[in-house]
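Chain naming here is simple, since letters A, B, ... match the order of the sequence lines and numbering starts at 1 in each.
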Amino acid sequence: MRIACFNINGIKARHAALCDWLDEASPDVVLLQEIKSIDENFPHEMFEDRGYNVETHGQKGFNGVAILSKYPLEDVSRGLPGDDSDEQARWIEATVTGDAGAVRVCGLYLPNGNPAPGPKYDYKLAWMERMHARAAALLATEEPVLMGGDYNVIPQDEDAARPEAWHKDALALPESRAAFRRLLHLGLTEAFRARVEGPGHYTFWDYQGGAWQRNNGIRIDHMLLSPQAADRLTDCGIDTEVRGREKPSDHVPLWVDLDI
DNA sequence: ATGGCACGTCAAACGTGA
């Protein structure tokens with residue numbers, strides 16, 4: 001089963017590029033971030049015509065997450081637990097049952113947090129604390145779990161083309177990196193780093209400053225796997241070339257193959 | 001050497017992002 005995540009930066013602006021990629025990459029499950037749409041306006045039919053079931057958790061104008069799946073999506077839940085006053089649509093879960101078992105997939109759009117320090121950074125760190133609690137609860141099930149999406153965290157300096165430019169940014173501040181490591185310390189495996197070592201691997205290039213042409217990228221989209229999912233990991237990759245196409249998102253897809 | 005962006009909202013700038 002191939003599971004991908006992709007921050008599309010607006011479904012209305014990206015449906016053509018997204019469908020082109022779906023048609024060629026043919027992932028079984030896709031976790032979408034930044035749909036920037038309310039549920040009613042999400043183009044379900046476009047994906048249903050391609051054999052995908054669709055579940056969304058959107059809001060007006062910003063944020064918003066969705067799951068596409070060629071397998072049925074069961075026990076769907078929307079929103080990250082731990083703060084009933086949080087109105088931002090950044091988390092969705094569902095269970096996908098493949099030919100050889102089930103996996104709980106969580107699609108997430110972690111807050112950016114800039115400017116730091118400030119209330120937006122406080123919200124980011126609090127959100128990561130809530131995610132830590134949710135991840136611990138999911139790990140306690142001892143079932144395969146995948147948490148994938150836009151983490152808005154550059155884990156290490158090797159994950160940025162120009163690390164010094166990010167040292168005071170919410171994506172790379174020590175507290176952000178520590179919170180990301182705290183997730184890993186629960187016993188989660190970061191799929192990409194289980195397969196690939198070294199610098200030069202990115203999932204985001206800013207629209208400004210010719211970042212793509214200069215390969216001035218950062219690696220901020222990630223997939224974390226429970227031990228039961230990590231044991232079934234057979235491959236992981238980044239569809240880098242998508243960034244060079246017509247009307248691209250500023251992110252590219254990240255995917256894993258799980259023997260499920 | 002330097003400056004160079006793109007969403008959605010709503011109909012002109014503005015908030016937001018990374």
Pairwise P distance for B:dG15 and B:dA11, with rounding to whole Å:
15 Å
Nearest-Å distance, CG (A:Asp169) to P (B:dA18)?
10 Å
Provide, to the nearest angstrom, the distance between the CZ atom belonging to A:Arg14 and the C1' atom belonging to B:dC7.
8 Å
Please determine, for the side chain of A:Lys120, which listed nucleotide (B:dG8, B:dG17, B:dA18) has the closest atom?
B:dG17
Taking the basic N atoms (NZ, or NE/NH1/NH2) and the acidic carboxylate oxygens, is any pair closer than 4.0 Å for A:Arg2 and A:Asp28?
no
Taking only heavy atoms on the protein side, list every residue of residues 237-250 of chain A lying under 4.0 Å from any atom of DNA chain B, sorted numerically.
A:Lys247
If only side-chain N and O atoms count, and only distance matters, is there a donor-acceptor pair under 3.5 Å linking A:Asp86 with A:Tyr123?
yes
In whole Å, I'd like the distance from the CD atom of A:Gln59 to the C1' atom of B:dT16.
12 Å
If I take atom OH in residue A:Tyr109 and atom P in nucleotide B:dT16, what distance separates them, rounded to the nearest angstrom?
12 Å
For atom C1', what is the distance between B:dA1 and B:dA13, given to the nearest Å?
32 Å
Rounded interatomic separation in angstrom, taking CZ from A:Phe62 and P from B:dC14
15 Å
On a plain distance test, is the side chain of A:Asn152 in donor-acceptor contact with the base of B:dA18 below 3.5 Å?
no
Among residues at least two apart in sequence or on other chains, which ones pass ring-ring contact (aromatic ring centres under 6.0 Å, His included) with A:His44?
A:Phe42
Applying a 4.0 Å non-hydrogen cut-off, can you work out what A:Asn63 is touching in the nucleic acid: base, sugar-phosphate, or nothing?
nothing
List every contact pair, protein side and nucleotides 1-5 of chain B side both N or O, where the distance is under 3.5 Å.
unit_1 : atom_1 : unit_2   : atom_2 : d
B:dG3  : O6     : A:Arg214 : NH2    : 3.3
B:dG4  : O6     : A:Arg214 : NE     : 3.4
B:dG4  : O6     : A:Arg214 : NH2    : 2.4
B:dG4  : N1     : A:Arg214 : NH2    : 3.1
B:dC5  : O4'    : A:Tyr207 : O      : 3.3

Could you check whether atom CD of A:Glu24 has more than 12 heavy atoms from other residues, nucleotides or ligands sitting under 6.0 Å from it?
yes
Should A:Leu110 and A:Val65 be counted in the same cluster of Ile, Leu, Val, Met, Phe, Trp and Tyr side chains packed under 4.5 Å apart?
no
Euclidean distance for C1', B:dA18 against B:dC5 (whole angstrom):
12 Å
Return the nearest nucleotide to the side chain of A:Arg90; candidates are B:dA18, B:dG17, B:dC7.
B:dG17
B:dA18, B:dT9, B:dC7: which one has an atom nearest the side-chain heavy atoms of A:Asn9?
B:dC7
Mapping A:Phe204 and A:Gly10 to their closest nucleotides on DNA chain B, which lands nearer the 5' end?
A:Gly10
Are A:Leu171 and A:Leu254 in one and the same hydrophobic cluster, where Ile, Leu, Val, Met, Phe, Trp and Tyr link if side-chain heavy atoms are under 4.5 Å apart?
no
Find which nucleotide of DNA chain B each of A:Lys60 and A:Lys36 is nearest to by heavy atoms, and output the residue with the more 5' nucleotide.
A:Lys36
Starting at atom CG of A:Asn7, determine the distance to atom P of B:dG8, rounded to an integer number of angstrom.
12 Å
In whole Å, what is the span from the CD1 atom of A:Ile35 to the C1' atom of B:dG8?
13 Å
Which of A:Arg134, A:Lys124, A:Arg182 passes salt bridge (Lys or Arg N to Asp or Glu O under 4.0 Å) with A:Glu129? Answer is A:Arg182
Apply salt bridge (charged side-chain N to carboxylate O under 4.0 Å, His left out) to the pair A:Glu190 and A:Arg219, showing each step before the final yes or no.
CA-CA 12 Å; A:Glu190 201 224 300; A:Arg219 198 174 68 89; 2.6 Å; yes
For B:dG3 and B:dC14, measure between their C1' atoms and round to the nearest Å.
22 Å
Nearest-angstrom distance from the residue atom CH2 of A:Trp205 to P of B:dA6:
17 Å
Please assess A:Asp159 against A:Arg193 for the test salt bridge (charged side-chain N to carboxylate O under 4.0 Å, His left out), listing each intermediate value before the final yes or no.
CA-CA 11 Å; A:Asp159 299 309; A:Arg193 283 311 186 195; 2.8 Å; yes
Short side-chain to backbone donor-acceptor contact, A:Ser249 and A:Asn7, under 3.5 Å:
yes
